[in-house]
Amino acid sequence: MLSECMEKNLATKIKIKNEDVYELLQKIPPGNVSTYGDLARVLGNPSASRLIGKILGENPNPIRVPCHRVVMSNGKLGGYRYGANKKKELLEKEGLSFINGVVSDFKKIRIYPEQRQS
DNA sequence: GCCATGGCTAGTA
DNA sequence: GCCATGGCTAGTA
């Protein structure tokens with residue numbers, strides 16, 4: 001009998017690890033943004049958006065990992081370890097602008113990063 | 001095991 | 001509500 005355990009494993013969602021997120025982040029070029037939810041989806045766990053935010057907050061190297069390029073699904077800024085202000089500055093430096101706290105042309109600059117093969 | 005903790009979100013009201 | 005982690009508590013052995 002094919003154990004329930006095995007079936008369970010097959011149905012199990014992928015666990016997201018910090019490094020997966022950081023790696024993916026590096027695919028977002030300056031001038032573009034992605035969202036917490038999109039990253040969660042790309043990494044195979046669509047409902048883990050909140051976890052993504054938590055992981056970004058633990059980002060050890062904001063230089064290597066541009067976590068400021070991740071915003072909320074509604075186009076609002078979202079949080080930032082060093083203050084939302086700082087996040088906004090960084091994004092503006094990359095050419096973005098905001099209206100009522102929402103990224104201008106959100107739909108145009110939003111990208112859906114693809115995960116690396118293998 | 002249980003519970004709180006987070007840079008959130010889809011879907012009602 | 002949801003996900004993974006870390007800290008702590010009952011409650012076994």
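Below, chain A is the first sequence line, B the second, and so on; all start at residue 1. Just so we're clear, the structure is a prediction, and the values are computed from it rather than from any experiment.
For A:R81, counting side-chain heavy atoms from C-beta on, the closest listed nucleotide (B:dG7, C:dC3, B:dT9) is B:dG7. Closest contact between the side chain of A:L51 and the listed nucleotides B:dG7, C:dC3, B:dT9 involves C:dC3.
Taking all atoms of both residues into account, the shortest heavy-atom contact from A:Y22 to A:I55 is OH-O, 2.9 Å.
Rounded to whole Å, atom P of B:dG6 lies 17 Å from atom CE of A:M72. Whole-Å rounding puts the A:E58 CD to B:dG7 P distance at 8 Å. Computed from coordinates, the A:L39 CG to B:dC8 C1' distance equals 12 Å when rounded to whole Å. Rounded to whole Å, the distance from CG on A:N59 to C1' on B:dG6 is 15 Å. For the pair A:L90 CG and B:dG7 P, the computed distance is 17 Å after rounding to whole Å. Rounded to a whole Å, the CD1 atom of A:I55 is 13 Å from the C1' atom of B:dC8. One can place CD1 of A:I52 at 13 Å from P of B:dA10, the figure rounded to the nearest angstrom. Residue A:L91 contributes atom CG, which lies 17 Å from atom P of B:dG7 at whole-angstrom precision.
Base-pair partner of C:dT5: B:dA4 (Watson-Crick or G-U wobble, both distances under 3.5 Å). Nucleotide B:dG11: unpaired (no Watson-Crick or G-U wobble partner with both distances less than 3.5 Å).
A:E94 and A:H68 form a side-chain donor-acceptor contact under 3.5 Å, judged by distance and modelled atom types alone. Checked by atom type, the side-chain pair A:S97/A:S104 shows a donor-acceptor distance below 3.5 Å.
No engagement by A:K17 is indicated, since no non-hydrogen atom pair under 4.0 Å with the nucleic acid exists. When heavy atoms are screened at a 4.0 angstrom cut-off, A:G57 is found touching base atoms of the nucleic acid.
Residue side chain A:Y80 does not reach the base of B:dG7 through any donor-acceptor N/O pair under 3.5 Å, judged by distance alone. At a cut-off of 3.5 angstrom, counting only N and O atoms as typed in the model, there is no donor on one side facing an acceptor on the other between the side-chain of A:R50 and the base of B:dG7.
Using a 4.0 Å cut-off, some side-chain N or O of A:S73 falls inside it from OP1 or OP2 of B:dA10. Within the structure, a side-chain polar atom (N or O) of A:N45 is placed less than 4.0 Å from OP1 or OP2 of C:dA4. OP1 or OP2 of B:dA10 lies within a sub-4.0 Å distance of a side-chain N or O belonging to A:R41.
Between A:K86 and A:E92 there is no salt bridge, since no side-chain nitrogen of the basic residue lies less than 4.0 Å from a carboxylate oxygen of the acidic one.
Distance check on atom P: C:dA13 versus B:dG1 gives 13 Å, rounded to whole Å. B:dT5 and C:dT9 are spaced 15 Å apart, taking the P atom of each and rounding to whole Å. Nucleotides B:dG7 and C:dG7, compared at atom C1', are 22 Å apart to the nearest Å.
Of the two residues near DNA chain C, A:K54 and A:S49, the one whose nearest nucleotide lies more 5' is A:S49.
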Evaluate side chain to side chain contact (heavy atoms under 4.5 Å, CB included) for A:V70 paired with A:D38, printing each intermediate quantity in order.
CA-CA 9 Å; A:V70 182; A:D38 285 347; over 6 Å; no
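Side-chain contact between A:L43 and A:Q115: present, with at least one pair of heavy atoms (C-beta onward) separated by less than 4.5 Å.
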